[in-house]
Q: 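The following block contains the structure, expressed as structure tokens.
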Amino acid sequence: MDPQRRLKNEMVPVRCGIVGYPLAHTRSPELHRAFAAQAGIHIAYVVLPVKAAEFDSVVHKFFEGGGRGLNVTLPYKERALALADAAGAAAVRAGAANVLTRLEDGRIRADNVDGEGFLCDLARLGFAVRGARVCVLGAGGAAAGVVCAMLEADVAEVSIRNRHAQRAQTLAARLDDPRVRIAASQSAAFDLLVNATSASLTGTCPDFPESAAGPETLAYDLVYAAEPTPFMQRAAERGARTCDGWGMLVAQAAASFYLWHGIRPVTQSLCRPPNQG
Ligand code: NDP
């Protein structure tokens, strides 16, 4: 390639971004920009708050316009998988995708790296998933990703509780694994209580039995926030150790960055969440 053309190509930023609704809370842009600076890549990371009726057309337009990749957040993870031409195994298992990537041939591929990010942060916290008894609050796209990852990591059992019970039943039926139960009654506190609902975004706490959390419990809220969330506060009152989802966000952003640019960012200095009890 002649030097003039190469210089022009290097000046053109790689277009990536995030699609979801609402998106006012997202901190994905700052992470991707930090990773890009570290890797010496010129990117333009756009935030696309999109209403349900426009989701497919906005995504197609982004990729037809040369976009490299999109992170997908609530409430579109199931739709992202349905829209894609190809999908990675984790996305197929979860029935939900949080990353879309334009392949060389122009097709769109769906992946789910939520589970990878979640396990990565649990490892950072020194929590052993193998053999653990877990309760997951929520049955949306994020819940599907983290439950699948924990099943792969040899969790002992996962009890799923959702505000609308039918959605939890649908998820459990699709996973078809004897370790998955719906709102199982329990006598002892869980080893891990996960808030995979979006309730914290509206300052509320999803319903869970008092006995679900105790001093031996790690209570993990997927939402990240400047202050402890109502879920974290309630779990802390029961003596649980608490953590928000910042470390997971960093780890799944790094995994997305790798899918789009082929470079694994160094994340250690970014990983410690402000809300880790
Ligand atoms: P979805 O929209 O797919 O699902 C939302 C879930 O939250 C549903 O189970 C819904 O229940 C439940 N819910 C919403 N409001 C309430 C409420 N007031 N009380 C109880 N339950 C409620 O979203 P996602 O699964 O994609 O995302 C869930 C959350 O996880 C989001 O807040 C997102 O920001 C966060 N997340 C964080 C990540 C990170 O890296 N830290 C990664 C992925 C997600 P119902 O079905 O009954 O409506």
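Order of listing sets the numbers, starting from 1, for every ligand and every atom in it.
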Q: Check R79 with D56, please: is the shortest side-chain N to carboxylate O separation under 4.0 Å?
A: yes
Q: For atom 3 (O) of ligand 1, what's the nearest protein heavy atom and its distance?
A: G141 N, 3.2 Å
Q: Any non-hydrogen side-chain atom of Y220 less than 4.5 Å from a side-chain atom of L125?
A: yes
Q: Please check this pair: side chain of R33 against backbone of Y45, looking for a donor-acceptor N/O pair closer than 3.5 Å.
A: yes
Q: Taking the side chain as C-beta and beyond, is there a heavy-atom pair between W246 and V250 under 4.5 Å?
A: yes
Q: Would you kindly specify which portion of L74 sits under 4.0 Å from ligand 1, judged on non-hydrogen atoms: side chain, backbone, both or neither?
A: both
Q: Check contact between G117 and ligand 1, using heavy atoms of the residue and a distance below 4.0 angstrom.
A: no
Q: Counting heavy atoms only, which of V223, V113, L222 is nearest atom 37 (C) of ligand 1?
A: L222
Q: What residue and atom, counting heavy atoms only, is the protein's closest point to atom 27 (O) of ligand 1, and at what distance?
A: A142 CB, 3.7 Å
Q: Once you restrict to heavy atoms under 4.0 Å, what part of L201 touches ligand 1? Side chain, backbone, both or neither.
A: side chain
Q: What pairs with F63 under ring-ring contact (aromatic ring centres under 6.0 Å, His included), at least two apart in sequence or on another chain?
A: none
Q: Using a heavy-atom cut-off of under 4.0 Å, does the side chain or the backbone of M248 touch ligand 1, or both, or neither?
A: both
Q: Pick out which of R181, R179, R174 makes a side-chain hydrogen bond (donor to acceptor under 3.5 Å, both in side chains) with D177.
A: R179
Q: Which protein heavy atom lies closest to atom 31 (C) of ligand 1, and at what distance to 0.1 Å?
A: S198 CB, 3.8 Å
Q: Between R234 and E210, does the salt bridge (charged side-chain N to carboxylate O under 4.0 Å, His left out) criterion hold? Intermediate values first, please.
A: CA-CA 9 Å; R234 190 169 163 218; E210 288 277 291; 3.1 Å; yes
Q: Pairing donors with acceptors under 3.5 angstrom, does anything connect the side chains of D221 and S200?
A: yes
Q: In the protein, what heavy atom is nearest to atom 17 (C) of ligand 1, and what distance, to one decimal place, separates them?
A: R163 NH1, 3.3 Å
Q: Of the protein's non-hydrogen atoms, which lies at the shortest distance from atom 29 (C) of ligand 1, and what is that distance?
A: T197 O, 3.5 Å
Q: Judged on heavy-atom distance to atom 46 (O) of ligand 1, which of N162, V194, T170 sits nearest?
A: N162
Q: If you measure every N/O of A196 against every N/O of ligand 1, is any gap under 3.5 Å?
A: no
Q: Flag P206 as yes when one of its N or O atoms lies below 3.5 Å from any N or O atom of ligand 1, and as no otherwise.
A: no
Q: If I apply the N/O under 3.5 Å rule, does G138 come out as touching ligand 1?
A: no
Q: Counting only heavy atoms, which portion of H164 has something under 4.0 Å from ligand 1: side chain, backbone, both, or neither?
A: both
Q: What is the closest protein heavy atom to atom 34 (O) of ligand 1, and at what distance does it sit?
A: H25 NE2, 4.0 Å
